[in-house]
Amino acid sequence: EPEVTQTPSHQVTQMGQEVILRCVPISNHLYFYWYRQILGQKVEFLVSFYNNEISEKSEIFDDQFSVERPDGSNFTLKIRSTKLEDSAMYFCASSVGGRNTEAFFGQGTRLTVV
Amino acid sequence: QKEVEQNSGPLSVPEGAIASLNCTYSDRGSQSFFWYRQYSGKSPELIMSIYSNGDKEDGRFTAQLNKASQYVSLLIRDSQPSDSATYLCAVTNQAGTALIFGKGTTLSVSS
């Protein structure tokens with residue numbers, strides 16, 4: 001069964017460093033998303049991406065964050081200068097369509113900023 | 001601020017019983033509604049989607065939607081210990097470009 005894959009599964013980084021989280025969405029999906037979940041809290045939307053541009057972003061997704069689809073299969077989230085409060089599980093998701101279609105999540109990347 | 005509210009639980013039911021999980025949402029423009037299951041330390045796993053008022057059944061799961069009351073529910077029949085998890089209610093924003101999640105209800109099924 002097709003699935004969304006994310007790498008790495010766990011990333012530890014020093015505060016102020018840049019990190020890139022990688023995702024391979026399901027191959028025939030056109031919409032891509034990043035969500036995060038701080039330990040013990042709810043899943044929060046960061047950004048959605050379609051046709052090589054951002055279609056929606058939340059207040060969390062500030063200038064420190066960026067997304068890119070560098071090739072036909074990968075979808076990346078970059079955090080330029082990590083803060084302690086960026087420590088969370090980051091989930092990539094994809095869907096065939098936008099409105100009214102089901103989104104499937106990857107297994108997540110646990111980011112720990114020290 | 002658009003909100004999705006769920007009772008955090010824990011909801012405890014014996015094996016074989018029906019578990020009933022509820023969710024309310026604030027944005028009347030939401031068009032799509034989903035239930036995800038999340039085991040501890042894992043990612044959300046889609047179990048049900050519902051788009052129109054009424055009931056939708058899939059195996060042991062039934063989702064119910066009432067847009068007038070802004071209410072979504074999930075029934076799990078013949079609950080099994082493996083159903084023990086946190087159940088997340090998610091609704092789309094008006095544009096359909098993002099999911100808004102509730103905090104989740106923790107279900108515990110005892111054998």
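What's counted below: heavy atoms across the whole structure, side chains too, no hydrogens, waters or symmetry copies. Numbered from 1 within each chain, the chains take letters A, B, ... in sequence-line order.
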Discussion item. For the OG atom of Ser82(B) and the CD atom of Glu15(B), what is their distance to the nearest 0.5 Å?
Written reply: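 Reported to 0.5 Å precision, the distance equals 8.5 Å.
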Worksheet entry | Atom pair CD1/CZ of Ile18(B) and Arg77(B) - distance to nearest 0.5 Å |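 Nearest 0.5 Å value for the CD1-CZ distance: 7.0 Å.
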Fill in: Nearest heavy atoms of Leu99(B) and Ala103(A), plus distance in Å
CD1-CB, 4.2 Å
Worksheet item: Can you name the closest pair of heavy atoms from Asp83(B) and Asp78(B) and give their distance?
Response: OD2-O, 4.4 Å
Worksheet item: Which answer fits Leu46(B), side chain, backbone, both or neither, if we ask what part of it has an atom under 4.5 Å from a heavy atom of chain A?
Response: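 Side chain of Leu46(B) only, per the 4.5 Å heavy-atom cut-off to chain A.
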Worksheet item: For Leu88(B), is it the side chain, the backbone, both or neither that has a heavy atom under 4.5 Å from a heavy atom of chain A?
Response: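 Just the side chain, heavy atoms under 4.5 Å.
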Worksheet, complete the sentence: Of Phe105(A), Phe45(A), Phe104(A), the largest count of non-hydrogen pairs under 4.5 angstrom with chain B goes to Phe105(A)
Worksheet item: Counting heavy atoms not belonging to Leu39(A), are there more than 12 under 6.0 Å from its CG?
Response: no
Discussion item. Please evaluate residues Val67(A) and Leu46(A) with respect to the criterion side-chain contact (heavy atoms from CB on, under 4.5 Å), reporting the C-alpha separation (whole Å), side-chain torsions for both, the decisive distance (0.1 Å), and the verdict.
Written reply: CA-CA 10 Å; Val67(A) 289; Leu46(A) 293 179; over 6 Å; no
Worksheet item: Parallel, tilted or perpendicular for Phe75(A) and Phe49(A), by the 30°/60° rule?
Response: tilted
Distance-only donor-acceptor screen, chain B against chain A, under 3.5 angstrom:
| from | atom 1 | to | atom 2 | distance (Å) |
| --- | --- | --- | --- | --- |
| Ser32(B) | OG | Asn100(A) | N | 3.3 |
| Ser32(B) | OG | Asn100(A) | OD1 | 2.1 |
| Tyr36(B) | OH | Ala103(A) | O | 2.7 |
| Gln38(B) | OE1 | Gln37(A) | NE2 | 3.2 |
| Gln38(B) | NE2 | Gln37(A) | OE1 | 2.8 |
| Ser43(B) | OG | Gly106(A) | O | 3.0 |
| Ser49(B) | OG | Glu102(A) | OE2 | 2.7 |
| Tyr51(B) | OH | Asn100(A) | O | 3.2 |
| Gln94(B) | O | Arg99(A) | NH1 | 3.0 |
| Gln94(B) | O | Arg99(A) | NH2 | 2.8 |
| Thr97(B) | O | Ser48(A) | OG | 3.1 |
| Thr97(B) | OG1 | Glu56(A) | OE1 | 2.7 |
| Leu99(B) | N | Tyr35(A) | OH | 2.9 |

